[in-house]
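Quick note: residue numbers are just sequence positions, from 1.
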Amino acid sequence: MSDPIAVPGTPANGPEMSTAETLTGIFFEPSRTFESLRARPRFLVAGLILVALAVVATVVLYLRVDMGQVIREQIERSPNAAQASEAQKEMQVRFGKIIGGVVRPLVVPILIAVGAALYMLGVMAVGGAISYKKAVSVWTYSWLPPFVLGVLIAILVLFLKSPDSIDPEQIAVTNPGALLGEGSSKVLVAILNQFDLLRFYGLFLAALGLRKVAKISSGQAWAVVLGLYLILALLRIGSAVLFGR
């Protein structure tokens with residue numbers, strides 16, 4: 001049997017796309033984009049965009065919301081608040097503002113590195129194989145569209161809502177937990193937070209990416225993605241049960 005006629009510009013191992021084309025294609029042609037990443041995995045530019053977006057979102061948050069006051073209110077609600085002096089509380093507020101401003105952007109590359117490792121191990125667990133570089137490209141590109149949309153929504157909310165009514169931990173209203181009031185059960189909020197539309201969008205892209213890049217079945221790809229999602233969801237809910245956050 002003769003080989004099928006090759007489509008011009010589409011090599012056997014995936015279509016050729018430039019970095020700029022993959023960055024836009026992941027929004028409109030995710031399947032073709034991941035096929036291109038299988039042949040030429042890349043993630044640096046997409047990762048830098050994620051970090052830059054995290055920086056922008058953090059700067060806008062600090063400009064619109066008095067994070068010092070938010071941190072002070074959290075300190076006052078803590079069980080050890082009565083034992084701390086005003087000087088100690090003020091130091092905690094200053095330290096918290098610095099840590100919050102620095103950690104938010106820095107956590108992005110950490111999540112990329114750890115998430116890619118978990119994807120690689122997950123693919124191996126279901127009988128497939130994927131290099132770490134390809135796993136990084138799948139993680140980075142699968143979370144690029146939902147991250148962009150989430151930052152845009154967050155910036156709109158920060159400018160449209162009164163700063164006093166904004167919860168820094170629930171800015172983008174994309175899950176039912178964000179609709180609950182401040183006095184709601186932390187456990188209930190944590191449970192409802194797991195049903196996030198942007199997170200589901202990212203899970204869909206991740207499953208598609210693993211299927212295309214690792215060349216595993218759709219069932220295997222979803223097993224990896226949903227398995228990791230359920231583990232993280234249980235950890236978040238467990239944190240709310242044990243620590244109230």
Problem - Side-chain donor/acceptor of T24 to backbone N/O of A20, under 3.5 Å - result: yes
Exercise for the section: Could you check L37 against K134 for side-chain contact (heavy atoms from CB on, under 4.5 Å), going step by step and ending with a plain yes or no? Expected result: CA-CA 7 Å; L37 293 175; K134 289 184 177 181; over 6 Å; no
Problem - Check against side-chain contact (heavy atoms from CB on, under 4.5 Å), K215 and R38 - result: CA-CA 9 Å; K215 289 187 175 181; R38 181 181 66 226; 3.5 Å; yes
Atom [atom1] of residue position [X] - does it have more than 12 heavy atoms of other residues, nucleotides or ligands inside 6.0 Å?
X	atom1	value
F204	CZ	no
F195	CZ	no
F95	CZ	no

Working to the nearest 0.5 angstrom, can you tell me the gap between [X] [atom1] and [Y] [atom2]?
X	Y	atom1	atom2	answer
L23	I49	CG	CD1	4.5 Å
K212	S218	NZ	OG	10.0 Å
R199	Q194	CZ	CD	5.0 Å
Y229	L234	OH	CG	9.5 Å
I26	S137	CD1	OG	9.5 Å
I153	T174	CD1	OG1	6.0 Å

Got [X] and [Y] here, is their nearest side-chain heavy-atom distance under 4.5 Å?
X	Y	answer
R40	S18	no
L208	F34	yes
V56	I155	yes
V51	P109	yes
R104	L61	yes

Nearest heavy-atom neighbours spanning [X] and [Y]:
X	Y	value
V138	S142	O-OG, 2.7 Å
P105	A54	CA-CB, 3.8 Å
P146	L205	CD-CD1, 4.2 Å
W143	L203	CH2-N, 4.1 Å
D196	N193	CB-O, 3.6 Å
V123	A214	CG1-CB, 4.0 Å

So if you build clusters from Ile, Leu, Val, Met, Phe, Trp, Tyr with side-chain heavy-atom gaps below 4.5 Å, do [X] and [Y] land together?
X	Y	result
V157	L152	yes
I99	L111	no
L210	L232	yes
V59	V103	no
F147	V114	yes

Handout entry: Side chains of Y141 and T33, donor plus acceptor under 3.5 Å
Key = no
